[in-house]
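Following: one structure in structure tokens, then a few remarks.
Quick caveat: nothing in here was measured; it's all calculated off a predicted structure. Starting from 1, each residue takes its place in the sequence as its number.
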Amino acid sequence: MTTVKDIYSYIDSFAPFDSAEEWDNVGILVGDKNAQVTKALLSLDITNGVADEAHALGAQLIISHHPVIFGGIKRVLSDSPVYRAAALGLSCLCAHTNLDKSPVFGVNTALAKASGLVGCEASPSNELLFVAKVEQPVTARQFAETLKDRLKLSGFSYTPGSGMISKVGLCSGGGGSEIFSAAKEGCDAFITGEIKHHELLFANEAGISVFTLGHYRSEDVVIKPLGERLAAEFPDVEFITSSVFTDEVMFIGDPV
């Protein structure tokens, strides 16, 4: 019978938890490492709704990218996801920057594959940046259309650089600061989830096309493939992708 610890150890084999950034919080953050698992729910984040979904499905474990406990917490109240998960007897396993960094399988390798890029590798000088190539050089507009189609995006922002795109830097989530490393790597384009104003100005001056997908869309691409990878390793466990936590829950009011 598969346990929480077994699943932890397998993820650790391709995305070592000790490789996470010092400020991060990863691993088994709620529950019992020895608990048996027959069903596990995967989600980018763990919310009260996700905990309720896991309980309704009869799952014993939630696997997420973003940590359910991030930074110091001084109280655990009944309206918090940590309380909800513990009260429902759920374990929570969170793989964050260790999964971002993994050159074997992780968020950025999944993003590159989903985007139709090839030869994705971790930058030799910066483990948070990945570099890949397009099969044939394209314009920024053509690459934007490809991303929109392949990632099933309703829309996103991009700024065209000064030339054709052949080499692409990737840093999912809030990875805008890696634009400087992407420039050093000679990238023509950069894909991320969020980027700051001064970082975008630098990209414009450097002639680098920037594709800003949004935090959720740049990272959720790993959830389904992670479930498939885990299912192949643990055939006695049913791995389910959350239907509750989607990018729609991030909207406040109606999109305009």
Side-chain angles (χ1 to χ4, degrees), residues 2-12 15-101 106-107 172-175 193-194 196 214-224 226-227 230 237-255:
T2 298
T3 66
V4 173
K5 185 178 179 180
D6 292 332
I7 296 172
Y8 169 94
S9 296
Y10 178 62
I11 294 175
D12 189 59
F17 287 94
D18 63 6
S19 71
E21 294 288 284
E22 290 184 4
W23 49 261
D24 203 3
N25 191 29
V26 297
I28 303 168
L29 304 186
V30 176
D32 179 5
K33 66 180 180 181
N34 295 314
Q36 295 182 343
V37 181
T38 58
K39 284 187 181 181
L41 182 68
L42 290 91
S43 178
L44 190 67
D45 289 82
I46 299 176
T47 62
N48 285 327
V50 170
D52 289 340
E53 180 185 18
H55 180 65
L57 290 169
Q60 300 83 28
L61 172 66
I62 304 175
I63 301 170
S64 74
H65 179 48
H66 294 138
V68 68
I69 300 174
F70 196 62
I73 58 174
K74 296 183 178 180
R75 57 183 64 84
V76 179
L77 303 180
S78 61
D79 61 350
S80 73
V82 176
Y83 182 100
R84 184 76 61 92
L88 294 174
L90 297 165
S91 295
C92 297
L93 173 55
C94 306
H96 192 209
T97 51
N98 59 309
L99 195 62
D100 289 325
K101 293 179 178 182
V107 182
S172 60
E194 303 170 22
K196 294 180 179 178
H215 200 114
Y216 177 95
R217 284 294 187 173
S218 72
E219 293 189 327
D220 191 62
V221 290
V222 77
I223 298 300
K224 185 178 179 181
L226 177 60
L230 292 170
V237 179
E238 183 180 1
F239 293 91
I240 306 166
T241 299
S242 174
S243 62
V244 169
F245 191 81
T246 68
D247 56 346
E248 292 180 3
V249 306
M250 308 305 289
F251 287 121
I252 300 174
D254 295 325

request  = With side chain to side chain donor-acceptor pair (under 3.5 Å) as the test, would you mind laying out the steps for Asp100 and Thr97 before giving the verdict?
outcome  = CA-CA 5 Å; Asp100 289 325; Thr97 51; 5.5 Å; no
inquiry  = Between Ser64 and Ser43 (side chain of the first, backbone of the second, donor and acceptor by atom type, cut-off under 3.5 Å), is there such a pair?
reply    = no
request  = Check whether any side-chain N or O of Glu53 sits under 3.5 Å from a backbone N or O of Ser243 as a donor-acceptor pair, and report yes or no.
outcome  = yes
query = Taking the inter-plane angle between the rings of Phe17 and Tyr8 on a 0 to 90° scale, is it parallel (under 30°), tilted (30 to 60°) or perpendicular (over 60°)?
reply = parallel
ask   = Any sub-3.5 Å donor-acceptor pair from Ser80's side-chain atoms to Tyr83's backbone N or O?
value = yes
ask   = Are Cys94 and Asn25 side-chain neighbours, meaning at least one heavy-atom pair lies under 4.5 Å?
value = no
request  = Evaluate the side-chain proximity of Thr2 to Ile7: yes if any heavy-atom separation is below 4.5 Å, no if none is.
outcome  = yes
note = Closest non-hydrogen contact found for Val107 with His65 is CG2-CE1, 3.6 Å
task = Give a yes-or-no answer on whether the side chains of Asp6 and Ser9 include a donor-acceptor pair shorter than 3.5 Å.
result = no
request  = Please tell me if the side chains of Pro67 and Asp24 come closer than 4.5 Å, counting only heavy atoms from C-beta onward.
outcome  = yes
query = Donor-acceptor pair, Asn48 side chain versus Asp79 backbone, under 3.5 Å?
reply = yes
query = So, Gln60 side chain and Thr38 main chain: donor-acceptor pair closer than 3.5 Å or not?
reply = yes
